[in-house]
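One is the number of the first residue; the rest follow in order along the sequence. Remember, it's a predicted structure, so these values are computed and weren't measured experimentally. Basis for what follows: all heavy atoms, side chains included, without hydrogens, waters or symmetry-related copies. First listed ligand is number 1; within each ligand, the first listed atom is number 1.
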Amino acid sequence: MTEITKSKDESMRSHLVKPGSVYDGIEPGELGESTESVQDRVRQLESRNSFLEEQCSQIESEKRYLENQKIKYEREIRKLQSELDRMKTSPLIIGTVIDVIKNDRIIVRSSNGPQFLVNVSQYIDEKKLLPGAKVALNQHTLAIAEVIPSTEEPFVAAMEVIESIEVDYEQIGGLDEQIQELQEAVELPLIEPERFARIGIEPPKGVLLYGLPGTGKTLLAKAVAHRTNATFIRVVGSELVQKYIGDGSKLVREIFEMARKKAPSIIFIDELDSIAARRLNETTGADREVQRTLMQLLAEMDGFDKRKNIRIIAATNRPDVLDPAILRPGRFDRLVHVPMPGIEARGKILKIHCERMTLAGDIDFKKLAKVTDGMSGADLKAIATEAGMFAVRKDKALVEMEDFLEAVGKVSMAADTQKMMPGNLPETTMFV
Ligand SMILES: Nc1ncnc2c1ncn2[C@@H]1O[C@H](COP(=O)(O)OP(=O)(O)OP(=O)(O)O)[C@@H](O)[C@H]1O
């Protein structure tokens with residue numbers, strides 16, 4: 001080997017054989033290999049090394065990803081476990097704090113009526129335990145387990161407030177006398193109060209509409225609100241006492257407060273009989289609760305000023321069960337019967353609900369009015385919709401008489417079933 005080749009080999013060797021490697025200290029040829037084959041092996045080993053390093057970093061990142069996944073799943077398991085525990089715990093009873101005797105002894109009224117002297121969990125903030133606060137009670141010991149945060153929401157949800165009503169008298173079939181009565185008792189006092197002042201009489205405070213379900217009582221109240229540009233506030237009596245147990249009277253106050261704020265307004269109380277039914281004696285807590293709600297309603301009605309742009313319309317299917325206190329002068333002293341539609345009114349109601357439908361030339365409204373004897377406005381509306389549905393199902397361009405007749409059959413069957421339900425008395429049993 002010449003000097004030049006030797007020094008070149010050495011420089012190459014020092015470059016390829018890293019200090020400390022297995023080849024360090026071994027002379028080329030010592031292992032019986034040529035410099036080239038050592039170089040080749042070194043290259044191979046180096047490329048294998050970088051491949052393995054790459055694999056190693058890939059596995060490392062996979063490991064990190066799996067560790068993250070593990071943490072995520074563990075968190076999910078904990079969440080599901082606590083959800084499962086929550087599902088397994090027995091339900092809590094809702095109550096209202098009546099009085100605080102000592103910080104750990106509280107009088108509460110449970111949602112179904114009776115009052116109890118109960119203990120309080122030590123984790124509860126005493127400052128929140130004020131009379132009127134809603135609390136959750138343990139089912140067995142009745143100890144207060146938590147204080148339910150009070151919000152305004154339940155009251156807002158309890159009433160339907162419509163600031164601008166779209167229903168007008170033209171959309172009501174028949175009921176001309178009833179419309180006139182409402183115009184005199186509600187519309188005129190709101191629009192021209194001076195006419196009453198001039199003559200020196202007080203307009204009626206409340207109007208009670210009574211009649212079978214679906215005869216148009218809500219529709220009438222809405223149309224008056226539209227004519228007077230009044231805010232329409234609707235509450236349902238049964239909801240006041242069943243859904244907002246313990247809060248019925250508070251809610252009545254809120255309703256009148258809202259009506260004052262949004263005046264002119266019409267308060268429409270549907271299902272008045274749920275809060276104003278005559279009671280022989282108050283045996284249960286629930287009865288007393290209904291009584292409190294009614295008392296608050298009477299107090300609000302007695303207290304409000306007739307000149308303050310608020311009118312009350314109530315509706316009931318059961319005037320026969322009402323407490324006479326509610327019908328006294330100055331309360332619901334104007335009674336308006338909303339009857340089932342006669343033959344002429346039935347024709348008109350059907351026409352109103354078909355106004356936007358594409359009808360064939362063969363529709364005989366007189367015949368339809370005849371075959372719908374005993375049906376309410378709501379039933380007639382359902383017939384129009386059902387006839388449309390039959391036409392859609394048959395992929396027709398127009399709704400034909402046969403679709404209407406089919407719809408009459410379907411709706412009258414449903415109406416018959418409805419009439420068999422308890423509580424739906426025939427109209428002849430009603431009296432005031
Ligand atoms: N006289 C009528 N003219 C036109 N549509 C009517 C008439 N009566 C009832 N309807 C229709 O029937 C539907 C139900 O009527 P509404 O809610 O006014 O009855 P209601 O007497 O208040 O019933 P409920 O006692 O069950 O509350 C309304 O949407 C309305 O379209």
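For ligand 1, the protein residues within 4.0 angstrom (heavy atoms only) are Q171, I172, G173, L175, P213, G214, T215, G216, K217, T218, L219, D270, N317, I349, H353, G377, A378, K381.
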Identify all side-chain donor-acceptor contacts of residues 383-407 below 3.5 Å with residues at least two apart in sequence or on another chain.
unit_1: T385; atom_1: OG1; unit_2: K381; atom_2: O; d: 3.0
unit_1: E386; atom_1: OE1; unit_2: K410; atom_2: NZ; d: 3.2
unit_1: K394; atom_1: NZ; unit_2: D403; atom_2: OD1; d: 2.9
unit_1: K394; atom_1: NZ; unit_2: E406; atom_2: OE1; d: 2.8
unit_1: K396; atom_1: NZ; unit_2: E400; atom_2: OE1; d: 2.7
unit_1: K396; atom_1: NZ; unit_2: E402; atom_2: OE2; d: 2.8
unit_1: K396; atom_1: NZ; unit_2: D403; atom_2: OD1; d: 2.9
unit_1: K396; atom_1: NZ; unit_2: D403; atom_2: OD2; d: 3.0
unit_1: D403; atom_1: OD2; unit_2: E400; atom_2: N; d: 2.8

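Looking only at side-chain heavy atoms (C-beta outward), D270 and V235 stay at 4.5 Å or farther from each other.
For the pair R334 and E181, the salt-bridge criterion is met [side-chain N within less than 4.0 Å of a carboxylate O]. A salt bridge links D320 with R318: at least one charged nitrogen is closer than 4.0 Å to a carboxylate oxygen. The pair E67-K70 does not meet the salt-bridge criterion, since no charged nitrogen lies less than 4.0 angstrom from a carboxylate oxygen. Salt bridge absent: D333 and K205 never bring a charged side-chain N and a carboxylate O closer than 4.0 Å.
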